[in-house]
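Let me begin by presenting the structure, written as structure tokens, before commenting on it.
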Amino acid sequence: MSKELQILETIDKNARLSAKELAVMLGESEEAVAAKIAELEKQGVICGYTTQIDWDKTDKAQVMALIEVKVTPKMGKGFDEIAEKIYQMEEVEAVYLMSGAYDLTVMLKGTSLKNVAEFVSSKLSAMETVLSTATHFVLKKYKEHGVILVKPSEDERMLITP
Amino acid sequence: MRDPLNPMVVGIKPSGIRKFFDIVSEMKDAISLGVGEPDFATPYHIRKEGIDSLEKARTHYTSNSGLMELRREICNYLDRRYDLKYEPAGEVLITVGGSEAIDLAIRAMVAPGEEVIIPQPSYVSYEPCVILTQGKPVIIDLKEENDFRLTGAELRAAITDKTKLLILPFPNNPTGAVMTREDLEEIAQICIEKDIVVVSDEIYSELTYDMEHVSIGSLPNMKERCIIINGFSKGHAMTGWRLGYACGPKNIIAQMTKIHQFAIMCAPTTSQYAAVDALKNSDDDVAMMRDSYNQRRRFVLHELRDMGLTCFEPYGAFYAFPCIKSTKMTSEEFATRLLEEEKVAIVPGTAFGDSGEGFMRISYAYSIEQLREALKRVRHFVERRRKELGE
């Protein structure tokens, strides 16, 4: 695996590693790793550093919805134009173009069921090229970004073994 | 009532690990770098095979030697990975962990009074197993200046006309040392010349870094005088399944199988079915774990050296073996005070033989976060000790 991929795969699991720690772990110089990361940021390969939070364990009122959207692609622009209109909206968490029975998946973060319903009916469905939507609410998150949320990972090993 | 115990058993001193474990287990909030097993759970597809075998009610004994299908996969695997050629019928025995295989090999070959050469520091079971057969353990103290590898000169100096076996424990627990092909060629030459059988404990063979594991059994004319011991615990993260194996010449495997048949009957059936899948479908899982250990290995080595401890580069297993002589403490003092003052449990090198004095075994089968925190505490401890010594 290239050094670039090694860096990416390592920080994909743990974004808090310093350039110095990463350099040690990968057997590289700190300068080389820092330069590589800066380059990847500039290229937009690394597009941000976020924290993974299980909001269900907080007081914050939040609902997640997955919306299947069927649209009419525009001549010469395909799906990009409608996708852009959708992803500009702040409450939209993610937009994916799909193969199969529908065209776009829109992941939506709202504060309540009503709030999401409002978004779908007045904003999304109202768009000229949107043919239909199907909204699915997330009831429970078991695993996200490779991390199991529903049970804490405990070290069950004995403290000392030969 | 007369003494019900066998004095030979009573005479075996309890493992140094056991003693330290008793102290540690009284400390509820201690963090540890003392574990000799992977932090990874067994890959799910392997666990699933075990579950499936139970659902299919495969709950009976297997043959004494183990499932033929598993023995076949073991032979394919050893050929593919280490250029070792064995026949599934007669040359392979499935055991309850590599540790049973060690015991069987020693019991099948060592008669009272015969000598077994054991390089130390090494795993805790070789010496007691030899004592139980009334053989005589002959210890070679491996040297830091040789990166804890066994040299031809050391081996020659330990050989007498009573020498029967050489235990070859590489990649090594606790030092992390690995033998290169050249190192092994020299050892093999001497074993052929002096007619010594090698019991090569290769349980950590999947865990070598920036170099490939070489099995002494793959060297010319060595197959006939080697018992190769391996298993699933370390590379496949399957410690709790208790599954290992021994490969070797038919006449030796037959006698080992005899003891196994009377003492154990057969290795756990569920584990055997899971292990078939482990050998067929886990190359990627093993590589992923190896890469992850390698990152942590570099991290730990860097931290230890950065706090001023000397540490040779370990190329195998998941241990670093730093020298703590500069702190002017014995390994046991270091371990005990580190536990009391910083609540970090690390196994003293002396748990693996007297030649471990002045060293500590640091396991890096932990997450980077755990390693970072534990090593930060070790650093505090070492720095405080330096001030104490007026340095």
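Just so it is clear: chains get the letters A, B, ... in the order the sequence lines come, proteins before strands, and each one is counted from 1.
Remark: the backbone N or O of B:G36 is paired with a side-chain donor or acceptor of A:T161 at under 3.5 angstrom.
For B:D39, the parts lying near chain A are the backbone and the side chain together; criterion is any non-hydrogen pair under 4.5 Å. B:R372 touches chain A through its side chain: at least one heavy atom from C-beta onward sits under 4.5 Å away, while N, CA, C and O do not. For chain A, the nearby part of B:Y319 is the side chain; its heavy atoms alone come within less than 4.5 Å. Only the side chain of B:V124 comes within contact range of chain A, judged by heavy atoms closer than 4.5 Å. Contact of B:R361 with chain A is made through the side chain alone, with heavy-atom distances under 4.5 Å. Contacts between B:E303 and chain A at a heavy-atom distance below 4.5 Å are absent for every atom of the residue. With a threshold of 4.5 angstrom between heavy atoms, B:F299 approaches chain A through its backbone and through its side chain. For B:A287, no part sits under 4.5 Å from any heavy atom of chain A, backbone or side chain.
In A:E128, the CD atom is not crowded: 12 or fewer heavy atoms of neighbouring residues, nucleotides or ligands sit closer than 6.0 Å. For B:D210, the CG atom is densely surrounded, since the number of other residues' heavy atoms within 6.0 Å is greater than 12. Other residues, nucleotides and ligands contribute over 12 non-hydrogen atoms within 6.0 Å of the OH atom of A:Y49. Within 6.0 Å of CD on B:Q370 lie more than 12 heavy atoms contributed by other residues, nucleotides or ligands. Heavy atoms from other residues, nucleotides or ligands lying under 6.0 Å from CD of A:Q88 number more than 12. Atom CD of A:E118 is surrounded by 12 or fewer heavy atoms from other residues, nucleotides or ligands within 6.0 Å. Within 6.0 Å of the NZ atom in A:K3, the count of heavy atoms belonging to other residues, nucleotides or ligands exceeds 12. Heavy-atom contacts from other residues, nucleotides or ligands closer than 6.0 Å to CG of B:D29 number more than 12.
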**Request:** Begin from the C-alpha positions of A:E21 and B:R298 and carry the test side chain to side chain contact (heavy atoms under 4.5 Å, CB included) through to its verdict.
**Result:** CA-CA 10 Å; A:E21 285 174 327; B:R298 293 192 185 113; over 6 Å; no
**Asked** Does the side chain to side chain contact (heavy atoms under 4.5 Å, CB included) test come out yes or no for A:I160 and B:V347, once each step is laid out?
**Response** CA-CA 7 Å; A:I160 301 278; B:V347 183; 3.9 Å; yes
**Message:** Quick one, A:M25 with B:I368, criterion side chain to side chain contact (heavy atoms under 4.5 Å, CB included). Give me CA distance, side-chain angles, the key distance, then yes/no.
**Reply:** CA-CA 10 Å; A:M25 289 163 66; B:I368 287 285; 3.6 Å; yes
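The distance from the CD atom of A:E9 to the CG atom of B:D291 is 9.0 Å, given to the nearest 0.5 Å. Rounding to the nearest 0.5 angstrom, the gap separating the CZ atom in A:R157 from the OG atom in B:S32 is 8.0 Å.
Side-chain contact check for A:T10 versus B:Q295: some heavy-atom pair is nearer than 4.5 Å.
Taking 4.0 Å as the cut-off between side-chain N and carboxylate O, A:R16 and B:E369 do not count as a salt-bridged pair.
When the candidates A:L26, A:L17, A:N14, A:D155 are compared by the number of heavy-atom contacts under 4.5 Å with chain B, A:L26 comes out ahead.
The two residues B:F352 and A:P162 come nearest to each other via the heavy atoms CE2-O, 4.2 Å.
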